[in-house]
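Lettering follows sequence order; numbering is per chain, from 1.
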Protein chains: 2
Amino acid sequence: MVRDRPIPEATVARLSLYLRVLIDLVAAGAVTISSESLAEGAGVTSAKVRKDLSFLGSYGTRGKGYDVAYLVHQIQRELGLTQPWPIAIVGVGNLGQALANFRGFGERGFRVAVLVDADPQKVGGRIGDVEVRPVGELAPLVAEHRVAIGVIATPARAAQEAADALVGAGIRSILNFAPAVLTAEPGVTIRKVDLAIELQILAYYEQRKAVVREVRRGRPATTSRS
Amino acid sequence: MVRDRPIPEATVARLSLYLRVLIDLVAAGAVTISSESLAEGAGVTSAKVRKDLSFLGSYGTRGKGYDVAYLVHQIQRELGLTQPWPIAIVGVGNLGQALANFRGFGERGFRVAVLVDADPQKVGGRIGDVEVRPVGELAPLVAEHRVAIGVIATPARAAQEAADALVGAGIRSILNFAPAVLTAEPGVTIRKVDLAIELQILAYYEQRKAVVREVRRGRPATTSRS
DNA sequence: CAGTGTGAACCTTTTCACAGCA
DNA sequence: TGCTGTGAAAAGGTTCACACTG
């Protein structure tokens, strides 16, 4: 059963992370794990782990830790990963191909079921055992494969069109990799991953580090606001 | 000058987003913009825009809005984007190639200066005008091109090794695309982008939507906690 | 008077610290 | 005794609402 109260988004993201660590632990033969060890494996604090897991219910044993296999099961159930999700990718350029080939998806509950591209040159090609089809065929393909999640891997200028096509095909959950802000009717969830933004955040902190180094080297620290 | 107080990370991420919108506006010939319009273009609220921009100082004009060109300049300066950052990518598989070819980087202040791969088969290949070199040559290449930011696009099992190589080459800021938790000495910043996690978050909400639809269709709502 | 700049309220998330249980 | 589960406190981020100004 799914809980009435939704789990905080920050926790959902980490549950996914714990799942990865736990699956490795199962493979390594571990039977139980403490919040401390799981935290170390996931790169977070143990208090966070315990609080996060408490949203699933009380599955730990005081004094011992958590049963690894059971925890994997509970997290998968909560995240809706009991069966693989078929996904559709719009845009088979470099990024689309990388995503279609990404083994991490298969290992973590997703299956690339549909690939479409607006470029007729790309139609007919194959990635793995999936053939690239024209965008126009999206709706029947989505229906046929019962796709519920779409991924946009087009250039920015084609992204809104791709989103419209996905929504038109009945998809209500979209992951957008194009650097563009997309709009859709209420009820459609759009998440974005902006690769350049991630780099820019890094550059911001790198720049700060450089300044700190410079200040340490003997320059007076500035206190002014401009 | 860089502010003594760091800007909140959430704000840094959005500044980057505003920048993209503003650059488009400059191209379109806009001279001033209100927080309202910028908010619409970036997909956020106007209060957020104003609060975010206030971290840069008071660059708006009451009653009119912000000078677009000046704002672009200020954000670039704050984010450290006044000159392009040379970056190094470790791993030239599907994802590494996609990243190396990603035009968004070039447009947003980054330049792929170094590409390395552990696979001798891949060494010698070219992506754009950059040749793929062996991982062993990372240190001199990083020094030569003054690279300060590294990107890991290897499979998970090779990611820690890639991180060690980058740190050994003097890099202190790393963006990790491999689904693995990496460790490095203090002073090294590691950010991660986990493509599968993003999909899993989406799947979680999609699953919840499905449950809500089912409940609406006549099933009694559950109130139990398990 | 349109639209910025910003305290204050509010909400979310993290951290703390310890009671309670195996 | 060791480790979970969780209230309570703290920190971080968002939204509100309005004084202020060009």
Side-chain angles (χ1 to χ4, degrees), chain A residues 3 5-18 21-22 25 30-71 74-75 78 191 197 201 204-205 225-226, chain B residues 3 5-18 21-22 25 30-71 74-75 78 191 197 201 204-205 225-226:
Chain A
R3 193 143 338 337
R5 294 276 185 153
I7 291 177
E9 172 162 334
T11 293
V12 172
R14 282 191 301 267
L15 284 177
S16 176
L17 190 59
Y18 302 155
V21 176
L22 290 168
L25 283 169
V31 176
T32 59
I33 189 170
S34 66
S35 60
E36 192 71 52
S37 318
L38 180 49
E40 201 192 319
V44 301
T45 65
S46 64
K48 236 182 218 167
V49 168
R50 289 198 301 277
K51 181 124 281 175
D52 286 341
L53 295 184
S54 76
F55 285 104
L56 303 178
S58 299
Y59 296 139
T61 307
R62 287 163 203 245
K64 286 196 80 180
Y66 301 85
D67 181 283
V68 178
Y70 191 55
L71 204 49
Q74 290 303 331
I75 295 177
E78 191 64 43
R191 279 187 76 83
I197 283 183
I201 295 171
Y204 171 72
Y205 290 113
R225 278 235 124 202
S226 63
Chain B
R3 189 139 352 325
R5 293 277 185 149
I7 292 177
E9 171 163 334
T11 293
V12 173
R14 283 191 300 267
L15 284 177
S16 174
L17 190 59
Y18 302 156
V21 176
L22 290 168
L25 282 168
V31 175
T32 58
I33 187 169
S34 65
S35 59
E36 191 74 51
S37 318
L38 180 49
E40 199 191 321
V44 301
T45 66
S46 64
K48 235 181 219 170
V49 168
R50 290 199 301 279
K51 181 125 279 177
D52 286 340
L53 296 183
S54 76
F55 285 104
L56 303 178
S58 298
Y59 296 137
T61 308
R62 287 162 200 246
K64 287 195 80 182
Y66 302 85
D67 182 283
V68 178
Y70 190 54
L71 204 48
Q74 290 303 332
I75 294 177
E78 189 66 42
R191 276 187 77 84
I197 284 184
I201 295 170
Y204 172 72
Y205 289 114
R225 276 236 129 203
S226 63

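Here the closest non-hydrogen pair linking A/Ile201 and B/Ala13 is CD1-CB, 3.8 Å. For the residue pair A/Tyr70 and A/Asp67, the shortest heavy atom distance occurs at N-OD1, 2.9 Å.
Judged as a side chain to side chain donor-acceptor pair (under 3.5 Å), and not counting sequence neighbours, the contacts of B/Arg191 are A/Glu198, B/Glu9. A/Ala30 meets the side-chain contact (heavy atoms from CB on, under 4.5 Å) test with A/Leu25, A/Val68; sequence neighbours excluded. Residues satisfying the side chain to side chain donor-acceptor pair (under 3.5 Å) test with B/Tyr18, not counting sequence neighbours, are B/Asp52.
Taking CG from A/Leu15 and CG from A/Leu22, the interatomic distance works out to 10.0 Å, rounded to the nearest 0.5 Å. Note that CD of A/Glu78 is 3.5 Å distant from CD1 of A/Ile7, once rounded to the nearest 0.5 Å.
Taking atom OH on B/Tyr59 and atom P on C/dT6, their separation rounds to 12 Å, with Å as the unit. The separation between B/Ile33 atom CD1 and C/dT4 atom C1' is 14 Å, rounded to whole Å. Rounded to an integer number of Å, the gap from CG of B/Leu53 to P of C/dG3 is 15 Å.
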Item to complete: Any chance you could list the contact pattern along nucleotides 12-22 of chain C? Use B for base contacts, S for sugar-phosphate-only contacts and - for none, protein heavy atoms under 4.0 Å, 5' to 3'.
Response: -SSB-B-BBBS

Acceptor/donor pairs from residues 36-51 of chain A side chains to any protein atom, 3.5 angstrom cut, sequence neighbours excluded:
{"residue": "A/Ser37", "atom": "OG", "partner": "A/Ser34", "partner atom": "OG", "Å": "2.9"}
{"residue": "A/Thr45", "atom": "OG1", "partner": "A/Lys48", "partner atom": "N", "Å": "3.3"}
{"residue": "A/Arg50", "atom": "NH1", "partner": "A/Ser35", "partner atom": "OG", "Å": "3.1"}

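Using a 4.0 Å cutoff to heavy atoms of chain A, the contacted part of DNA chain D runs 5' to 3' from D/dG2 to D/dA8.
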